[in-house]
Amino acid sequence: MTIFKTRLPNNFDLPRRINRLGELAYNLWWTWQPQAQRLFSHIDGELWERLAHNPILFLREAGRSSLNEAAQKSEYLENYDQVFTDFDAYMAQKGTWCDKNQGSFCKKPIAYFSMEFGLHETLPIYSGGLGVLAGDHLKEASDLGLPLKGIGFLYAEGYFSQRISEDGWQDALNNPLNFDDLPLVPMVDDEGEPLTVSVEFPDRKVSARLLEVRVGRIPLYLMDSDVPTNAPEDRKLSSRLYWSDINFRIAQEVLLGVGGVRVMRALGHDPSVWHMNEGHAAFQILERAREVVETGKTFAEAIEETRVNNVFTTHTPVPAGNDEFPLWMIDKYLGALWPQLGLSRDEFVDLARNQQSWGETFSMGVLALRHSDGKNGVSELHGRVARGMWNFLWKDLKKEDVPIGYVTNGVHTSTWLARRLGILYSEYLGADWLDRLDDPSLWEQIDNIPDKELWEVRNHLKRKMVFYMMERTRRRWMQGGFHPVQAIASGALLEPYVLTIGFARRFATYKRANLILSELDRVLGLLNRPNQPLQIIFAGKAHPADEPGKQLIQGVYRAVKKAENGGRLVFLEDYDMNVARYLVQGVDVWLNTPRRPNEASGTSGMKAAMNGALNFSVLDGWWREAYNGSNGWAIGDDVAPDTESQDEGDIASLYATLENEIIPLYYDRDANGLPAKWLKMVKNNLRTITPQFSMRRMVKEYVEQLYLPARK
Ligand SMILES: *Cc1c(COP(=O)(O)O)cnc(C)c1O
């Protein structure tokens with residue numbers, strides 16, 4: 001079947017000389033190309049900010065006169081021509097890393113399933129780290145030339161926007177997305193009809209149409225169940241990410257796994273690797289087995305034949321974090337499937353049977369682990385924890401022999417690195433530094449960067465962050481209904497030259513956002529110490545159904561509202577990828593205080609590190625691997641957890657390091673007014689962390705350790 005999907009949905013009214021901007025708006029490649037972003041912002045910077053970096057809205061609303069003006073400026077056109085030369089070369093590139101190193105492997109598709117994808121703030125189909133990791137994975141797969149195809153959902157309401165009320169309570173706003181404003185290309189078949197896939201439940205059929213998002217060279221296929229042939233309830237199936245209602249969740253997961261396989265088939269793809277980013281997509285295992293059973297083989301043969309291609313990445317270090325369904329739901333939603341597999345109900349349930357205190361369940365984690373040859377956690381410690389947690393599935397094996405490995409997470413450098421730092425790296429590490437990004441020897445030259453220049457860029461980035469927060473506060477203030485204390489809590493009194501700590505992530509209780517506020521009087525003293533003040537910025541959302549998480553925000557907000565903090569404790573509303581970019585680029589210290597070993601990896605600290613912020617974190621997840629004694633600070637020790645006493649020990653360690661090491665080091669200036677010892681640490685941090693915790697290193701490890709073995 002030929003799929004006609006080349007016509008972009010929007011007809012922009014653009015001057016001929018610059019009309020390819022319309023095409024650029026439909027490929028997220030621009031989101032990791034600073035020069036391409038400038039093609040929009042240089043037309044009308046104020047509008048670009050006001051439309052929250054949405055190029056489609058921007059091109060529609062930018063006045064013809066400012067577009068004409070740009071089309072006549074030689075400086076603008078020079079950049080324009082360069083960007084499109086680069087874009088065309090990128091899209092047509094032969095001899096990518098994959099071509100050069102993996103040969104024929106690069107020809108056969110890799111299907112990559114994820115419930116969420118964090119690609120850009122304008123496409124809110126992610127809630128946090130899992131999604132941003134998936135988005136970064138697609139971008140790097142594009143850069144390396146991997147034949148990856150993403151599969152996920154288009155959530156009609158996006159993920160919620162967060163407002164904090166005056167008394168610190170999180171309000172969730174669900175704003176319906178306008179698909180016409182987003183870089184979505186509806187897919188149609190050769191008759192011009194919407195391309196759909198369907199899954200059968202015992203009592204009904206559910207269909208979804210497909211929309212494509214272009215991520216450089218990688219297509220991401222999103223399913224949308226809001227089609228007229230579906231029952232009204234089913235039309236809402238894909239309207240939200242992570243429904244609390246378990247009926248919606250299982251139906252979504254069936255659609256992701258089973259429907260996802262059918263997406264690949266509808267497009268004529270025969271992937272050699274089926275990668276499940278977390279267990280939500282594990283039903284794909286059963287659908288692929290069903291396909292083989294249909295050819296006349298037994299289920300046992302089918303599941304053996306297909307398991308070699310399955311790769312499963314687990315992200316959850318606690319049993320409760322895995323999706324499990326009570327058995328009555330399996331009857332309700334999968335009752336039509338086991339006859340097709342040639343199994344009895346009992347045999348079917350045995351594929352993923354788990355025992356909980358409240359009864360027997362069907363566990364997505366068990367399903368995926370039992371039937372995938374490739375299995376990994378996301379950091380060294382998390383791999384170890386996962387081997388212990390799932391040892392019961394391999395009763396004959398010792399814990400250390402449980403076949404779950406690890407690939408430590410990474411972040412996509414071009415997405416998260418400040419433009420100005422990229423310029424410094426080009427100048428002092430070589431113009432090809434980005435091509436050699438994951439080569440540690442490149443970063444040995446980091447001392448070539450003069451302290452003064454590095455410090456200027458760091459100060460510039462912090463100023464930019466502070467002004468951004470002030471401007472956001474001003475706009476909220478002008479909308480009305482905002483109490484002055486909320487304006488101060490959002491950063492109205494921040495200063496651009498004060499040592500600044502950032503803490504931004506999902507507000508789940510294990511992350512202990514309030515740990516640094518444990519001894520509030522002590523913190524208040526530090527914030528306003530003469531000549532050595534300190535600022536702390538918090539940001540993050542709690543899942544709308546997570547009451548303890550929302551109470552945690554409220555607790556932090558109570559401290560933020562105290563006049564004694566002088567406006568130096570701040571809570572920034574509505575954490576998303578845009579806010580994350582300002583924070584990881586602008587703060588001096590990135591704080592993370594999970595209760596070990598709950599942070600499977602964590603990635604925001606890597607984003608901060610490559611921008612020259614220093615990590616100050618519990619030795620959990622990635623930081624346990626990165627910390628070397630001179631590239632940041634540890635909170636507590638690398639010892640097995642003992643929950644209650646861990647809190648006390650971590651609090652003591654946190655305050656001691658902050659008071660005796662971090663604050664004095666930051667304010668220790670040499671004769672030139674530079675914090676030479678601080679900058680030495682910043683350079684140690686850049687040298688050791690940037691190559692190792694890049695998405696480049698990570699995706700190469702997935703290829704070598706998991707994708708190549710999965711190829712039959
Ligand atoms: C990177 C990122 C995360 C993940 O942060 P953790 O360090 O894993 O907590 C979450 N949300 C956003 C918006 C991010 O950019």
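Order of appearance sets the numbers: ligands from 1, and atoms from 1 within every ligand. Start at 1 with the first residue, then count along the sequence.
Annotation: cation-pi geometry not satisfied between R463 and F467 (NZ/CZ under 6.0 angstrom from ring centroid, within 45° of ring axis).
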Ligand 1 N/O to protein N/O, distances under 3.5 Å:
from	atom 1	to	atom 2	distance (Å)
ligand 1	7 (O)	T603	N	3.2
ligand 1	7 (O)	S604	N	2.8
ligand 1	7 (O)	S604	OG	2.5
ligand 1	8 (O)	T603	N	3.3
ligand 1	9 (O)	K511	NZ	3.1
ligand 1	15 (O)	K607	NZ	2.6

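For an aromatic pair to be called close, the ring centres must be under 6.0 Å apart, and F248 with Y242 fails this. Here H382 and Y406 keep their ring centres 6.0 angstrom or further from each other.
By the side-chain hydrogen bond (donor to acceptor under 3.5 Å, both in side chains) test, W29 is found to be paired with no residue, residues two or more places apart in sequence or in another chain being considered. Qualifying side-chain hydrogen bond (donor to acceptor under 3.5 Å, both in side chains) partners for T688, counting only residues two or more places apart in sequence or in other chains: N631.
Note on residues 118-129: pairs passing salt bridge (Lys or Arg N to Asp or Glu O under 4.0 Å), not counting sequence neighbours, are E121-R581.
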